[in-house]
Amino acid sequence: MEPAGPEPSLYTVKALLILDSLGQRLLAKYYDSTFPTAKEQAAFERSIFLQTHRAGGEVACLEGLTVLCRSSVDLFFYVVGGCQENELMLSAVLACLLDTLGHLLRVILESDPQQVIQRLSLRAPEPAAYGFVLFDYLAGGSERRDPGGHE
């Protein structure tokens, strides 16, 4: 008996995109070969921007994909999943991305260059159980130490 739809996969996110107010790419990460070339990626990004930048909704279906969009000031954040993907799961990924960027970028409010450099210096986090190293580090759960032994 043939399966009715695509095989289930743990790879629920096909792409993460950040576009500016003109639809130009600021950051893009594609996790599969749905759009293998830069030209195809640029065309897809233009297409979703034109469909979502004026619309009030945050969920769109385009080219057989589920696209969630959220705008903040003059940036547009996108999470792209398969056509059968759960919008709530993709929404959770988008919320996590926005919250993480908000935490990482709050340092911009600092005006002392030495403080900015100190806060932005990336150090290897201590190993965490079950592979949650990145989330632990981003959430500030791991101790940050000065490699020279200074506090």
Side-chain angles (χ1 to χ4, degrees), residues 1-110 115-144:
M1 182 180 269
E2 291 292 318
E7 290 288 322
S9 171
L10 292 176
Y11 300 102
T12 59
V13 176
K14 292 186 173 286
L16 294 172
L17 309 168
I18 302 175
L19 306 179
D20 67 12
S21 62
L22 301 174
Q24 299 297 311
R25 177 193 291 189
L26 297 176
L27 178 72
K29 175 67 177 170
Y30 288 84
Y31 295 100
D32 68 4
S33 60
T34 303
F35 302 100
T37 66
K39 185 177 180 179
E40 291 174 315
Q41 292 174 2
F44 175 69
E45 291 163 15
R46 266 192 310 277
S47 180
I48 64 171
F49 179 75
L50 291 174
Q51 185 172 350
T52 60
H53 82 282
R54 291 188 189 142
E58 68 176 35
V59 178
C61 292
L62 182 67
E63 298 181 29
L65 299 169
T66 303
V67 179
L68 270 76
C69 172
R70 199 168 297 156
S71 63
S72 178
V73 187
D74 59 350
L75 297 178
F76 292 85
F77 299 87
Y78 297 92
V79 173
V80 181
C83 62
Q84 300 295 321
E85 201 53 62
N86 182 337
E87 290 98 2
L88 293 176
M89 182 64 76
L90 295 175
S91 180
V93 171
L94 185 56
C96 178
L97 174 66
L98 292 169
D99 289 346
T100 302
L101 287 173
H103 286 293
L104 287 174
L105 297 177
R106 70 174 181 238
V107 69
I108 291 176
L109 298 176
E110 179 63 58
Q115 289 292 324
V116 172
I117 291 169
Q118 181 181 3
R119 290 182 185 179
L120 289 180
S121 65
L122 298 176
R123 296 180 183 94
E126 295 175 8
Y130 307 112
F132 292 114
V133 174
L134 176 62
F135 287 109
D136 189 42
Y137 179 74
L138 292 175
S142 121
E143 239 352 89
R144 295 186 183 184

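On a predicted model such as this, the values are computed, not experimentally measured, just so you know. Computed from heavy atoms alone, side chains included, the values below leave out hydrogens, waters and symmetry copies.
- Taken to the nearest 0.5 Å, the CG atom of L68 stands 9.0 Å off from the CG atom of L88.
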Check the pair L17, F76 against side chain to side chain contact (heavy atoms under 4.5 Å, CB included), reporting the backbone distance first and the verdict last. CA-CA 8 Å; L17 309 168; F76 292 85; over 6 Å; no

Side chain to side chain contact (heavy atoms under 4.5 Å, CB included) evaluation trace for F49 with L22: CA-CA 8 Å; F49 179 75; L22 301 174; 5.7 Å; no

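- Evaluation of the side chain to side chain contact (heavy atoms under 4.5 Å, CB included) rule for L26 yields I18, D20, L75 as partners, not counting sequence neighbours.
- Formation of a donor-acceptor pair under 3.5 Å by the T66 side chain with backbone atoms of G82 is found in this model.
- Rounded to the nearest 0.5 angstrom, R46 CZ and Q51 CD are separated by 15.0 Å.
- Atom CG of residue L94 and atom CG of residue L98 lie 5.0 Å apart, to the nearest 0.5 angstrom.
- Judged by distance alone, with hydrogens and angles left aside, the side-chain atoms of T100 form a donor-acceptor pair with the main-chain N or O of C96 at under 3.5 Å.
- In this structure, L62 and V80 have side chains that are not in contact, with every pair of non-hydrogen atoms separated by 4.5 Å or more.
- Here E45 pairs with R25, Y30 under the side-chain hydrogen bond (donor to acceptor under 3.5 Å, both in side chains) rule; sequence neighbours left out.
- Although no hydrogens or angles enter the test, the distance criterion places no donor-acceptor pair under 3.5 Å between the side chain of S91 and the main chain of E87.
- The distance from the CG atom of L97 to the NZ atom of K29 is 14.0 Å, given to the nearest 0.5 Å.
- Between the T37 side chain and the E40 main chain, a donor and an acceptor come within less than 3.5 Å of each other.
- Residue L65 holds its CG atom at 14.0 Å from OH of Y78, rounded to the nearest 0.5 Å.
- Contacts of T34 classified as side-chain hydrogen bond (donor to acceptor under 3.5 Å, both in side chains), with partners at least two apart in sequence or in another chain: D32.
- When all heavy atoms are compared, the tightest approach of C83 to G64 is CB-O, 2.9 Å.
- Taking every heavy atom of both residues into account, V67 and F44 meet most closely at CG2-CZ, 4.2 Å.
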